[in-house]
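Below is one structure, written out as C-alpha cells; comments come after it.
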There are 2 protein chains.
Amino acid sequence: MAAHRTAADPLEHPHLTTVGLLVETHAGFTSAAERGLGATGGLSLQWFELLLRLARTPGHRLRMSALAAQTTLSASGLTRAVDRLEAEGLVRREACPTDRRSSYAALTGEGEARLRRVLPHHLEHLVEVFDRTFDAEELATLCGLLRRLRDAVNPQAACASSDAAVEVGAGTAASAS
Amino acid sequence: MAAHRTAADPLEHPHLTTVGLLVETHAGFTSAAERGLGATGGLSLQWFELLLRLARTPGHRLRMSALAAQTTLSASGLTRAVDRLEAEGLVRREACPTDRRSSYAALTGEGEARLRRVLPHHLEHLVEVFDRTFDAEELATLCGLLRRLRDAVNPQAACASSDAAVEVGAGTAASAS
DNA sequence: TAGAGTTATTTGCACAAGCAACCATTGCGC
DNA sequence: GCGCAATGGTTGCTTGTGCAAATAACTCTA
C-alpha cells in the first residue's frame with residue numbers, strides 16, 4: 001500500500017523483485033540438481049560442474065587457474081576440490097610442460113564415465129522443466145535475454161570460452177556461453 | 001564440432017548451456033552485490049537478503065522457519081545467522097504469543113536504518129545494469145519468463161508470499177515474487 | 001488428562017571455503 | 001648472469017553450513 005505517485009519506497013523497487021526471481025530460480029535448479037545428481041551417481045553439484053567443464057574442454061584438461069575462474073571457487077577452494085576429485089580417481093593432476101608452476105586438472109576415464117552416467121537423468125530433468133514451461137520460441141528469447149544480462153553483469157564469463165580455447169589451442173568453445 | 005544429424009553428444013545439450021547462463025548471471029549479480037554492499041555499509045549479501053525480507057514483510061517480522069524457507073539457508077544455518085544479526089543489533093528475537101515453540105525474527109530500527117543506508121547504492125547498480133541492457137519491454141518479457149521458470153522449478157517460492165502474508169494476517173505480498 | 005506423534009528451534013560435530021601467508025617458478029631490466 | 005617483481009599453486013587459520021540428535025511445545029485421540 002505504498003504511495004502511488006509520490007516517490008516509491010525503495011524497498012518496493014521492481015528491480016529487487018527481478019533479481020529475487022533470478023535468485024529463486026537459481027536456488028530451485030541448484031537444489032533439484034543436487035538431489036538428482038546425488039541420488040543418481042553420488043556426485044555433488046560442484047563435482048558435476050567441474051567434471052562437466054573439463055569434459056567440454058578439448059583435451060579434457062584445464063589449468064587450475066582457468067578452472068577456478070570458470071567456477072565460483074577461489075584458487076584455494078579449487079585446490080581442495082581437485083584434491084578430493086583426485087582422491088576419488090575422477091581427475092588427475094598433470095604437469096604443464098611449458099610452465100612448471102602450473103598444473104593441469106585432467107579428466108580421467110573414470111571421471112568421464114561417472115559424468116556420462118549421471119548426465120541422462122540430469123538432462124531428463126532439464127528437458128522436463130524447460131519443455132513443459134516454454135515453447136521453442138520462448139526458450140530462445142529467454143536464452144538471448146539471459147546471455148545479454150550475463151554479459152552485462154559478468155563480462156569475464158563472456159570471454160572465458162575463448163580464453164579457455166586459446167588455453168589449449170583449439171577452436172571450439174569450451175565454456176557454457 | 002559435434003555431429004549434426006546423428007544423436008548429439010549429451011555434453012553439448014543446449015539446456016546445459018541455458019542453465020550455465022543462469023548460473024553465471026547469478027554469480028555475476030552475487031559477487032557484484034557482495035562487493036557493493038560490503039563497501040557501502042558493511043553488510044554481507046546474506047545479511048542484506050535477510051534484512052530485506054524482513055523489511056518487506058508487513059510487521060517487519062517473520063517466523064524463523066518462514067525466513068529459512070525463503071532463503072537458501074537450512075533451519076540451523078538460519079539460527080546462527082540470526083544469532084549474528086542479533087549480536088549486531090539489527091534483528092531481535094520475539095516470542096510468538098500463540099506458539100511458544102516459535103520465535104519471530106524482528107527487524108530493529110537500527111536494522112532498517114542499515115538496510116536503507118545501503119539500498120540506494122545497491123539500486124543504483126541494478127538500474128545501471130538493467131536499464132543499460134534492456135528496454136522496458138525486454139525487461140518485462142524477461143521478468144515474465146523468469147517468473148514462469150521460477151514457478152516451474154521452485155514452486156514453494158511461488159506461494160511463499162501468500163503464506164507469509166497469512167503469517168501475520170496482512171494482504172500485501174511479503175516475498176519478492 | 002495422559003500419551004503418542006509432529007513440529008519449531010537450537011546445539012554437537014564434521015566438513016568445505018575464503019583470506020592471507022608462503023613457496024616455487026618465470027620473465028624482465030640491468 | 002642476477003636480482004626483483006609478478007604469477008601459479010598450495011597450506012594455516014578462521015568462519016560459516018548442513019546433518020543429525022536433542023529439547024521443548026503443540027495436537028489429536030482415547
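Note on naming: letters A, B, ... go to the chains in the order of the sequence lines (proteins, then strands), and numbering restarts at 1 for each one. A quick note: this is a predicted structure, and the numbers were derived from the prediction, not measured.
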**Prompt:** Between CG of Leu73(B) and CD of Gln46(B), what distance do you get to the nearest 0.5 Å?
**Reply:**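 Reported to 0.5 Å precision, the distance equals 4.5 Å.
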Separation of Leu22(B) CG from Thr17(B) OG1 (nearest 0.5 Å):
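Rounded to the nearest 0.5 Å, the OG1-CG separation comes to 11.5 Å.
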Test side-chain contact (heavy atoms from CB on, under 4.5 Å), reference Glu138(A), set Thr141(B), Leu145(B), Leu149(B), output is Leu145(B)
Would you mind telling me which of Leu50(A), Asp83(A), Leu67(A), Leu51(A) makes a side-chain contact (heavy atoms from CB on, under 4.5 Å) with Val91(A)?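 With Val91(A) as partner, Leu50(A), Asp83(A), Leu67(A), Leu51(A) yield a single side-chain contact (heavy atoms from CB on, under 4.5 Å), made by Leu51(A).
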Please state how far atom [atom1] in [X] lies from atom [atom2] in [N], giving the value in whole angstrom units.
X         : N       : atom1 : atom2 : result
Leu78(A)  : dG9(D)  : CG    : P     : 9 Å
Asp83(A)  : dG18(C) : CG    : P     : 14 Å
Glu86(A)  : dT10(D) : CD    : C1'   : 13 Å
Glu94(A)  : dG8(D)  : CD    : P     : 19 Å
Arg63(A)  : dT25(C) : CZ    : C1'   : 13 Å
Tyr104(A) : dG9(D)  : OH    : C1'   : 14 Å
Glu88(B)  : dG16(D) : CD    : P     : 11 Å
Leu50(B)  : dT17(D) : CG    : C1'   : 14 Å

Below 4.0 Å: OP1/OP2 of [N] and any side-chain N or O of [X]:
X         : N       : answer
Ser102(B) : dT7(C)  : no
Arg84(A)  : dC15(C) : no
Ser74(B)  : dG18(D) : yes
Arg80(B)  : dT17(D) : no

*Fit a plane to each ring of His125(B) and Phe29(B), take the angle between them on a 0 to 90° scale, and name the class: parallel (under 30°), tilted (30 to 60°) or perpendicular (over 60°).*
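Perpendicular.
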Answer yes or no: is there a donor N or O on one side and an acceptor on the other, between the side chain of Thr108(B) and the main chain of Gly89(B), under 3.5 Å? yes
Under 4.0 Å, counting only non-hydrogen atoms across every strand here, what does Thr72(B) touch: a base, just sugar-phosphate, or nothing?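 Sugar-phosphate, no base atom in range.
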What nucleic acid atoms does Leu73(A) come within less than 4.0 Å of, heavy atoms only: base, sugar-phosphate, or nothing?
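Leu73(A): backbone/sugar contact only, no base atoms under 4.0 Å.
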The answer to which of Gly77(B) and Thr79(A) contacts DNA chain D further toward the 5' end, by nearest nucleotide, is Thr79(A)
### Message
Taking Phe134(A) as the starting point, is it possible to reach Leu21(B) by hopping between hydrophobic residues whose side chains are less than 4.5 Å apart?
### Response
yes
Report task. Spell out, yes or no, whether Leu146(B) and Val23(A) are grouped together once hydrophobic residues are joined by side-chain heavy atoms under 4.5 Å, including indirect joins. Result -> no
Applying the Watson-Crick and G-U criteria (both distances under 3.5 angstrom) with [ ] for crossing and | for other-strand pairs, one obtains for DNA chain D ||||||||||||||||||||||||||||||
- [ ] Taking only Lys NZ, Arg NE, NH1 and NH2, and the carboxylate oxygens of Asp or Glu, determine whether Asp9(B) and Arg56(A) approach each other closer than 4.0 Å.
- [x]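 No, Asp9(B) and Arg56(A) are not salt-bridged.
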| query | Are Arg53(A) and Glu49(A) close enough for a salt bridge, meaning some N to O gap below 4.0 Å? | reply | no
Among the nucleotides dT10(D), dT9(C), dA17(C), whichever has the atom closest to the side chain of Met64(A) is dT10(D)
Just the atom pairs and distances: protein N or O near nucleotides 20-27 of chain D's N or O, under 3.5 Å.
{"unit_1": "dC26(D)", "atom_1": "OP1", "unit_2": "Arg100(B)", "atom_2": "N", "d": "2.9"}

